[in-house]
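Since the structure comes first, as structure tokens, the remarks are kept for the end.
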2 protein chains.
Amino acid sequence: MKQRVSTRFSMAIHILSMIAVKHTEQTGDEIARSVNNNPVVIRRVIGMLKRAGIMDVRAGVGGAFLLKTPEEITLLEIYRAVNEIEENDLYAFRIHEDSNVGCPVGRNIESVLHSEFAKAQAAMENQLGSTTLSQLIPRFI
Amino acid sequence: MKQRVSTRFSMAIHILSMIAVKHTEQTGDEIARSVNNNPVVIRRVIGMLKRAGIMDVRAGVGGAFLLKTPEEITLLEIYRAVNEIEENDLYAFRIHEDSNVGCPVGRNIESVLHSEFAKAQAAMENQLGSTTLSQLIPRFI
DNA sequence: CACCGTTGAAACGTTAATCGTTATAACAAT
DNA sequence: ATTGTTATAACGATTAACGTTTCAACGGTG
């Protein structure tokens, strides 16, 4: 199993969908049962979503709720929340450092790559940003 | 230092640019000097680029050469080479598995996420695929 | 107020990938 | 044959993901 990418994003969408759809009890254990994972893992993701201001939980029984409407929550917002990404953070790519400035390629590679990678990441983010949680809900029948 | 993403892609573009530009000797050691890294790491990346049919190396002194023109080599092709990605491989995202099919969300989450993630990844790949090595070369002055 | 289920968070171990390094073998040019 | 280059295996350190156990804090209900 490749672990270089987290499943937190995937689980976060699952969790928020559960809350938005409200088919069942909304306890962490019930959500964990749907995701089929340990409740602590679910709470970890919920913690990140809370910190990002997407949802909150009233201590006590099943007190999870969204802080925005599903129309306002984009996948990009969720993606950034669970990966702790700031805006303008080149997250999807990494550039090797300390290239030799004595070489024309080494001297310019970082700025060239930064602009190219930023364009590729922006393309992905634009797509994620154009989809809202509300667009997914009808598909959970 | 975050290691969840490899710098191989970044180094691969550096390596191929060196070969395309030919400012210096083309030995692995000389490339390693520009990238400022261990020659073995460079050869590892070169090995992946060879396997992908992008370049080849004649054993002996500095025998590295491209198998296509810089106009034909896209960043997407390089990206796939160094990450060993097949077409239609959902690489940039991962979906948690074994969701509970007894729950409407759990039952549908995988197909919903797969189509959404595929769109986001395709957006990124379209951008990478629209840029060629030749477009970068003029910037290495 | 006491109890019980829920939430929150720390801590630990396992697994997997990155990546720098050393060592060794094979090969080409001179 | 010698020398420099390439190819590859192997090792260890580092880091992130993630499942699990454990315990403290809190709310609602009786």
Side-chain angles (χ1 to χ4, degrees), chain A residues 1-12 14-15 18-19 24-52 55-65 79 81-85 91-99, chain B residues 1-12 14-15 18-19 24-33 35-52 55-65 79 82-85 91-99:
Chain A
M1 187 203 310
K2 297 199 219 173
Q3 301 244 128
R4 104 201 113 225
V5 177
S6 170
T7 55
R8 283 192 304 262
F9 183 33
S10 162
M11 285 193 287
H14 191 145
I15 292 165
M18 291 282 288
I19 298 173
T24 61
E25 293 293 313
Q26 292 306 319
T27 69
D29 279 31
E30 187 60 35
I31 294 173
R33 207 133 37 223
S34 175
V35 177
N36 200 18
N37 202 329
N38 192 299
V40 176
V41 174
I42 303 302
R43 283 186 227 133
R44 256 203 293 252
V45 177
I46 289 178
M48 303 182 92
L49 296 173
K50 282 169 60 176
R51 242 167 284 138
M55 59 174 287
D56 203 355
V57 179
R58 264 187 294 272
V61 182
F65 57 99
Y79 181 74
V82 296
N83 289 305
E84 283 165 343
I85 306 175
Y91 177 79
F93 300 95
R94 252 176 82 217
I95 302 175
H96 59 286
E97 296 175 345
D98 303 318
S99 288
Chain B
M1 189 200 311
K2 299 199 218 175
Q3 300 244 130
R4 105 203 113 220
V5 177
S6 172
T7 56
R8 284 193 304 263
F9 183 32
S10 163
M11 287 192 286
H14 191 146
I15 292 165
M18 291 281 290
I19 298 174
T24 61
E25 294 292 314
Q26 291 306 319
T27 69
D29 280 29
E30 187 59 36
I31 295 174
R33 208 136 31 226
V35 177
N36 199 18
N37 202 329
N38 192 297
V40 176
V41 174
I42 303 300
R43 285 189 222 123
R44 250 198 304 246
V45 176
I46 288 178
M48 302 182 93
L49 296 173
K50 284 169 61 176
R51 241 167 285 138
M55 59 174 288
D56 204 356
V57 180
R58 265 186 294 272
V61 182
F65 57 99
Y79 181 75
V82 296
N83 288 303
E84 284 166 341
I85 306 175
Y91 175 80
F93 300 94
R94 254 177 80 217
I95 302 175
H96 59 286
E97 296 176 344
D98 303 318
S99 288

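Here is the naming used below: chain letters follow the sequence lines, and residue numbers restart at 1 for every chain.
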What is the distance, to the nearest angstrom, from the CE atom on B:M48 to the C1' atom on C:dT18? 11 Å
When the distance from CD1 of B:I31 to C1' of D:dT5 is rounded to whole Å, what number comes out? 12 Å
Length of the CD-P vector between B:E97 and D:dA17, whole Å: 17 Å
Let me know the distance between CD1 of B:I15 and C1' of D:dT6, rounded to the nearest Å. 14 Å
Can you classify the ring geometry of A:H96 versus B:H14 as parallel (below 30°), tilted (30 to 60°) or perpendicular (above 60°)? tilted
Value in whole Å for how far the C1' atom of D:dA16 lies from CZ of A:R94: 12 Å
Tell me whether the rings of A:F93 and B:F9 are parallel (<30°), tilted (30 to 60°) or perpendicular (>60°). tilted
Does OP1 or OP2 of C:dC19 have a side-chain N or O of B:S6 closer than 4.0 Å? yes
What integer distance in Å separates A:D29:CG from D:dG19:C1'? 15 Å
List the protein contact pattern of nucleotides 20-30 of chain C with one symbol per nucleotide (5' to 3'): B for base contact, S for sugar-phosphate-only contact, - for none; contact means a heavy-atom distance under 4.0 Å. BBBB----S--
Whole angstrom value for the distance that separates P of C:dA17 from CZ of B:R8: 10 Å
Set of residues satisfying side chain to side chain donor-acceptor pair (under 3.5 Å) with respect to B:R43, sequence neighbours excluded: none
What's the CZ-C1' distance between B:F65 and D:dT6, to the nearest Å? 13 Å
Check: A:T27 side chain, A:E30 main-chain N or O, donor-acceptor pair, under 3.5 Å: yes
Ignoring hydrogens and angles, tell me if any N or O in the side chain of B:N38 forms a donor-acceptor pair with the backbone of B:V40 under 3.5 Å. yes
Below 4.0 angstrom from OP1 or OP2 of C:dT7, is there any side-chain N or O of A:K50? no
Can you name the nearest heavy-atom pair linking A:Y79 to A:I85, along with the distance? CE2-CD1, 3.7 Å
